[in-house]
Amino acid sequence: CGQWTGSGCGEDGPAYGSSELAEALGPGHPRASSAWDPPTCRDPDWASYTLGVFICLSCSGIHRNIPHVSKVKSVRLDTWEDVQVEFMASRGNAIARATFESKVPAFYYRPSASDCPLLREQWIRAKYERQEFAHPERQEPYSAGYREGFLWKRGRDNGQFLSRKFVLTEREGALKYFNRSDAKEPKAVMKIEHLNATFQPAKIGHPHGLQVTYLKDNSTRNVFVYHEDGKEMVDWFNALRAARFHYLQVAFPGASDADLVPKLSRNYLQEGYMEKTGPKQTEGFRKRWFTMDDRRLMYFKDPLDAFARGEVFIGSKESGYTVLDGLPPSTQGHHWPHGITIVTPERRFLLACETELEQRAWMEALRKVVDRPMLPQEYAVEAHFKHKP
């Protein structure tokens with residue numbers, strides 16, 4: 001969240017109500033625009049009077065968990081001492097960033113208001129409590145190019161989470177895990193080139209749950225992990241982003257950081273249950289979990305399956321791909337009423353959503369991909385899908 005910074009003294013003095021504080025930092029104040037409209041914090045009606053930062057309700061809860069660093073008041077509901085108002089008025093977002101974000105690595109994930117609580121909490125703790133972005137030597141856990149440790153990993157067959165040793169090595173360009181701590185050979189080698197990581201607490205059933213995907217024989221493989229320590233899990237996430245960043249710097253030597261950062265990790269465009277039928281479109285519809293990962297539309301029997309039951313490449317309209325509202329009139333066998341037809345150069349895929357809201361969300365996600373021109377490397381991916389057995 002966008003915030004202000006400083007250090008207050010908290011001496012006794014006349015109390016100020018919300019109107020005085022709001023007036024002191026109102027539209028006429030030179031820093032008001034950055035105070036009241038941070039890029040990722042909505043309605044920053046709270047403030048840390050020890051840091052001098054304005055925050056939203058959600059972030060105020062996180063600040064309350066670090067009382068040795070930050071003490072919080074409501075701008076509108078609490079009373080304010082005159083020295084506190086003067087201190088808040090003297091600070092600004094630019095000062096906060098200059099002090100606490102002066103050395104944020106390009107690869108480090110900056111959470112938005114829509115991200116999971118873990119990412120937002122660890123950003124605030126890293127920024128104010130541990131001051132990692134003012135002291136680069138404290139960034140070693142995710143910037144050293146090598147990391148190893150134990151994570152709880154979901155078993156592919158039995159669904160149980162078991163402790164497994166993971167090793168990330170930029171030199172080898174891979175993330176590996178071992179079924180036994182003394183094993184010499186890894187159970188799996190995930191190449192950094194094709195690796196993605198995204199937090200999925202609801203799906204995994206743990207607030208620190210991370211979904212790692214990679215390509216095995218050019219098909220998507222899922223690995224679900226978590227660690228009881230939130231900092232550990234976010235450090236792993238940023239270490240993976242760092243490895244991706246350094247790999248892409250070598251692969252695309254002329255690219256700027258701004259070009260590379262969006263490619264380090266990605267959230268799924270859309271996920272949820274839909275009904276589908278087979279290629280002959282004569283068998284009944286079956287409920288499946290669908291994931292839209294860039295141009296790969298995958299479906300699973302269960303959201304936590306290791307492998308997709310099938311994958312469909314979604315190209316651009318210039319290449320003959322279309323998304324239609326509804327199903328052909330003769331379609332039978334679907335229980336859910338809100339249909340979607342995906343037209344590809346080879347065939348039509350018939351899907352059905354339970355609610356109109358879900359249908360609209362899927363249509364929007366699919367059409368955004370179809371409306372986007374394909375990149376040269378995406379044609380090679382499309383060609384592979386056409387020749388899949």
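Just so you know, these numbers come straight off a predicted model, no measurement behind them.
Under the 4.0 Å criterion applied to side-chain N and carboxylate O atoms, R180 and D182 are assigned as salt-bridge partners. Ionic pairing of R360 and E356 is present here: one or more N-O contacts between side-chain nitrogen and carboxylate oxygen are shorter than 4.0 angstrom. E193 and K191 are not joined by a salt bridge, as no carboxylate oxygen comes within less than 4.0 angstrom of a charged side-chain nitrogen. Salt-bridge check for D305 with R288: failed, with every basic side-chain N at 4.0 Å or more from each acidic carboxylate O.
Looking at every heavy atom in both residues, A47 comes nearest to V75 through CB-CG2, 4.2 Å. The two atoms that bring I192 and L175 nearest to each other are CD1-N, 4.3 Å, heavy atoms only.
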List the steps, then state whether side chain to side chain donor-acceptor pair (under 3.5 Å) holds for E275 with H335.
CA-CA 8 Å; E275 290 183 332; H335 303 95; 3.2 Å; yes
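For the atom pair T79 OG1 and Q84 CD, the distance stands at 8.0 Å (nearest 0.5 Å). Interatomic distance, OH of Y146 versus CD of E172, reported as 8.5 Å (0.5 Å rounding).
Distance alone, capped at 3.5 Å, is enough to place a donor-acceptor pair between the H208 side chain and the E228 backbone. Listed for the R164 side chain is a donor-acceptor partner under 3.5 Å among the backbone atoms of N179. At least one donor-acceptor pair under 3.5 Å links the side chain of R120 to the backbone N or O of D115. Within the 3.5 Å criterion, the main-chain N or O of K103 finds a donor-acceptor partner in the side chain of Q139. Within the 3.5 Å criterion, the main-chain N or O of S219 finds no donor-acceptor partner in the side chain of D217.
Residue R372 places its CZ atom among more than 12 non-hydrogen atoms of other residues, nucleotides or ligands, all under 6.0 Å distant. Heavy-atom neighbours of R156 CZ from other residues, nucleotides or ligands within 6.0 Å: at or below the threshold of 12.
Cation-pi contact between K287 and Y273: present, with separation from the ring centre below 6.0 Å and deviation from the ring axis of at most 45°. Cation-pi check for K276 over Y299 is met; the charged atom lies under 6.0 angstrom from the ring centroid and within 45 degrees of its normal.
Under the 30°/60° scheme for interplanar angles, the aromatic rings of Y108 and W123 are found to be tilted. Between H206 and Y226, the ring planes are parallel. Angles under 30° get that label, and only those over 60° would be called perpendicular.
Sorted by first then second residue, the side-chain hydrogen bond (donor to acceptor under 3.5 Å, both in side chains) pairs that include residues 252-263, not counting sequence neighbours, are S256-D259.
Both I342 and W362 are part of a single hydrophobic cluster, where members link through side-chain heavy atoms under 4.5 Å apart.
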